[in-house]
Amino acid sequence: MQQAIGVFDSGVGGLTVAREIMRQLPYESLVYFGDTARVPYGSKSKDTVIRYSKQIVRFLMTKNVKAIVVACNTASALALDELQDEFDIPIIGVIKPGAVAAAEATVSKNVGVIATEATVKSGSYNLCLRELDPQITVVSKACPLFVPLVEEGLLEDRITDDVIQRYLHELKDYQVDSLILGCTHYPLLRNAIGRYMGEEVNLINPAYETAKALKTLLEEKDILNRDVKTPALYAFFVSDGVDNFIKFADRVLPVDVKMTSLVNIESY
Ligand code: DGL
């Protein structure tokens, strides 16, 4: 099926998910929406994140998408159930795929989760992990400064290393053997986080796991694009700050972002 897949996030971070989908499903077209006017979601209430997410799904449905990926961890944690209840289209989030991979990887059964404040407060990763394996204990930590550090491009920097040390020493003391990078931006700090945690700790990237889960979903629903001759099309939409979005996208994506359009998301 040639219709595109809708992917949305609170802003630019979800491009880490779009990137994994482009790599793992190169024949699938994407319509990406980044809510750059209303970012961050990580410090907002559940009701607000649900309202924003529903508006975005309504917008994506006008693009005739065949499935939707909630690339934002916060929106997945706070709004996925409501979206799945309200809309008649396959919708997946990033929490379950990340949790499944962590549950498979952990031996010590001590799993760490780093995410936004709202994701940590929601307890969604904990719930999912403990449903998968009740023996797992979870230690979570909100790491709000990681988002601006990544957006400033400070992926390898002394300041970032200091912040990593400040946030993650508890998880190190707790001897987690698997750590879920539970926010869209964190996979871009993978090298620096890995250096600090040590190579014996498995870093779980929900973006990668979600692209894998998406492939399974498209196969199950029999809506995978079988036309491998026509190149995939990528369309980008944001609610503000087109230039900044393109700058970030050019750093993250394997393709050039030629066109990004502005959307008045409040009208959906
Ligand atoms: N995209 C968000 C997430 O993955 C991080 C940025 C925000 O707080 O909106 O949770």
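Order of appearance sets the numbers: ligands from 1, and atoms from 1 within every ligand.
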Colleague: Can a donor-acceptor pair be found, under 3.5 Å and without considering hydrogens, that links the side chain of S29 to the backbone of L233?
Modeller: yes
Colleague: Going by the atom numbers of ligand 1, which of them fall below 4.0 Å from some non-hydrogen atom of Y41?
Modeller: 7 (C), 8 (O), 9 (O)
Colleague: Ignoring hydrogens and angles, state whether a donor on the side chain of N110 or T137 is under 3.5 Å from an acceptor on the partner side chain.
Modeller: yes
Colleague: Around atom 5 (C) of ligand 1, find the nearest protein heavy atom and jot down its residue, atom name and distance.
Modeller: C183 SG, 3.5 Å
Colleague: Backbone, side chain, both or neither: what part of T74 comes under 4.0 angstrom of ligand 1, heavy atoms only?
Modeller: both
Colleague: Would you say that more than 12 heavy atoms from the other residues, nucleotides or ligands in this model lie under 6.0 Å from the CZ of R166, or not?
Modeller: no
Colleague: With heavy atoms of T116 as the reference, note each atom of ligand 1 found under 4.0 Å away.
Modeller: 5 (C), 8 (O), 10 (O)
Colleague: Can you tell me which portion of D9 lies within the under-4.0 Å heavy-atom range of ligand 1? Options are side chain, backbone, both, or neither.
Modeller: side chain
Colleague: Do N73 and Y186 get their side chains close enough for a donor-acceptor pair, meaning under 3.5 Å?
Modeller: no
Colleague: Give the numbers and elements of all ligand 1 atoms closer than 4.0 Å to a heavy atom of T184.
Modeller: 1 (N), 2 (C), 3 (C), 4 (O), 5 (C)
Colleague: Using modelled atom types only, decide if a donor and an acceptor are shared between the side chain of Y52 and the backbone of I265 within a distance under 3.5 Å.
Modeller: no
Colleague: Could you tell me, atom by atom, which parts of ligand 1 come under 4.0 Å of a heavy atom of V39?
Modeller: 9 (O)
Colleague: Given 3.5 Å as the limit, does a donor-acceptor pair link the side chain of T260 with the main chain of V242, or not?
Modeller: no
Colleague: What part of N73, side chain, backbone, both or neither, has a heavy atom within less than 4.0 angstrom of ligand 1?
Modeller: both
Colleague: Give yes if a backbone or side-chain nitrogen or oxygen of G42 is under 3.5 Å from a nitrogen or oxygen of ligand 1, and no if not.
Modeller: yes
Colleague: Looking at T160 and L154, would you say the former's side chain and the latter's main chain have a donor-acceptor pair under 3.5 Å?
Modeller: yes
Colleague: To the nearest 0.1 Å, how far is atom 6 (C) of ligand 1 from its closest protein heavy atom, and which atom is that?
Modeller: S10 OG, 3.6 Å
